[in-house]
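The structure under discussion appears below in the form of structure tokens.
Positions are given from 1 along the sequence.
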Amino acid sequence: MFIQPQNLVQQLHQRTEKCTVGCPVLDRLLNGGVPTKSITELVAESGSGKTQICLQLVLYAQLPPSHGGLSASSLYIFTESPFPVRRLKQLSRSLLSSHPNLLSSDPLSRVFLRGIYSAEKFVSLLPDIEIFLTYWKSRLLPVRVIVVDSIAALFRSEFDNSRIDLRRRSSLFFKISGGLKSLAERFGLVVVVTNQVVDLMNDGENGVRIGNLSEMYSSRRRVCPAMGLSWANCVNSRMFLSRDDYGQTKRRRLSVVFAPHLGQCCSEFVITGDGVFGVEIVPRNV
């Protein structure tokens, strides 16, 4: 029997372990959750919810596979201070309240934090991350989720537009992404990185269409992912989070830009004190 390439990709990802983001609606959008052994990027302007989703992910990863988790601890690498400790505690209490019999310890004790503030230091940290993962591999809840929030902040102020700096920046892109992909493959990790957006002023390199969305709008502005085409080639999947505020009403949307196992799809979601929740679309009767 002959198999079409797209069907083969679907079969491979059906066998790939995935981790819930803590919401059935968003999990369905992602075909079961965030996949292991690859890099998933969340692109959004500030306040759109990318950090909220990441915080929820590292907590819900501790659930058993029967409930969408990986029975896993997480490493959360933050590149901007301060880290939202109070929000993490709030989401941890919500998790304990909704799943009181599934967790054997305080969820906060299974989330490890590390601050890093430059691309070069991140590269030098990769061997230490490998040692850390190896140490925890045989533990009850091994580390199987890594979040980098945000990748763009590592490159914000150290580089200009000179040819030498652009070449050095691209080299660091591939060192960081290559290191993370290698760890993801070896340890069966979910790797999520967040990225920022910039206003799209022209149709230069950043404006090249990659994926399902020919145009991205957030807060009624046309935007594009930061760090350009070179970085886009470093991630396996890209999700775009947009926001629009209408007075007291805040509308947020998660859209698939590109992913080898997902088609063009999107979902609105809300952020409450208890977490991030996708909005069910109820079909209208005709």
List the atom of His261, the atom of Asn31, and the distance in Å for their closest heavy-atom pair.
O-ND2, 4.3 Å
Hey, can you tell me if Phe112 and Phe132 have their rings parallel, tilted or perpendicular (30° and 60° cut-offs)?
perpendicular
By ring-ring contact (aromatic ring centres under 6.0 Å, His included), His99 pairs with (sequence neighbours left out) Tyr60
ILVMFWY network linking Phe174 to Val148, side-chain heavy atoms under 4.5 angstrom
no
Kindly write out the residues that satisfy ring-ring contact (aromatic ring centres under 6.0 Å, His included) with Phe240, not counting sequence neighbours, or none if the list is empty.
none
With a 4.5 Å heavy-atom cut-off, do Leu108 and Leu88 have their side chains touching?
yes
Please determine, by modelled atom types, if Arg93 and Gln90 share a side-chain donor-acceptor pair under 3.5 angstrom.
no
Report yes if some heavy atom in the side chain of Arg110 is under 4.5 Å from a heavy atom in the side chain of Arg139; otherwise report no.
no
Taking the six-membered ring for Trp and the full ring for Phe, Tyr or His, determine whether the centres of Trp231 and Phe155 are under 6.0 Å apart.
no
Nearest 0.5 angstrom please: Leu96 CG to Leu102 CG, how far?
10.5 Å
For Cys23 and Val276: C-alpha separation, side-chain torsions, deciding distance, then whether side-chain contact (heavy atoms from CB on, under 4.5 Å) applies.
CA-CA 7 Å; Cys23 168; Val276 180; 6.0 Å; no
Tightest non-hydrogen contact, residues Thr51 and Pro84, listed as CG2-CG, 4.1 Å
Student check: side-chain heavy atoms of Leu241 and Leu254 closer than 4.5 Å
yes
From CA spacing to verdict: side-chain contact (heavy atoms from CB on, under 4.5 Å), Val34, Lys18:
CA-CA 5 Å; Val34 185; Lys18 298 183 178 70; over 6 Å; no
Sole candidate of Val147, Val58, Leu113, Val143 that passes side-chain contact (heavy atoms from CB on, under 4.5 Å) when paired with Ser74:
Val58
Got a list of side-chain donor-acceptor pairs under 3.5 Å for residues 180-192, not counting sequence neighbours?
{"from": "Lys181", "atom 1": "NZ", "to": "Cys234", "atom 2": "O", "distance (Å)": "3.1"}
{"from": "Arg186", "atom 1": "NH1", "to": "Glu130", "atom 2": "OE2", "distance (Å)": "2.4"}
{"from": "Arg186", "atom 1": "NH2", "to": "Glu130", "atom 2": "OE2", "distance (Å)": "3.3"}

Test side-chain contact (heavy atoms from CB on, under 4.5 Å) on Thr272 and Phe277 and set out the steps.
CA-CA 8 Å; Thr272 72; Phe277 302 99; 3.3 Å; yes
Can you check whether Cys19 reaches Thr36 side chain to side chain, under 4.5 Å on heavy atoms?
no
Answer with yes or no whether the hydrophobic clustering places Ile77 together with Ile39; edges join I, L, V, M, F, W, Y residues whose side-chain heavy atoms lie under 4.5 Å apart.
yes
Beyond-backbone contact of Leu63 with Leu103, side-chain heavy atoms, under 4.5 angstrom
yes
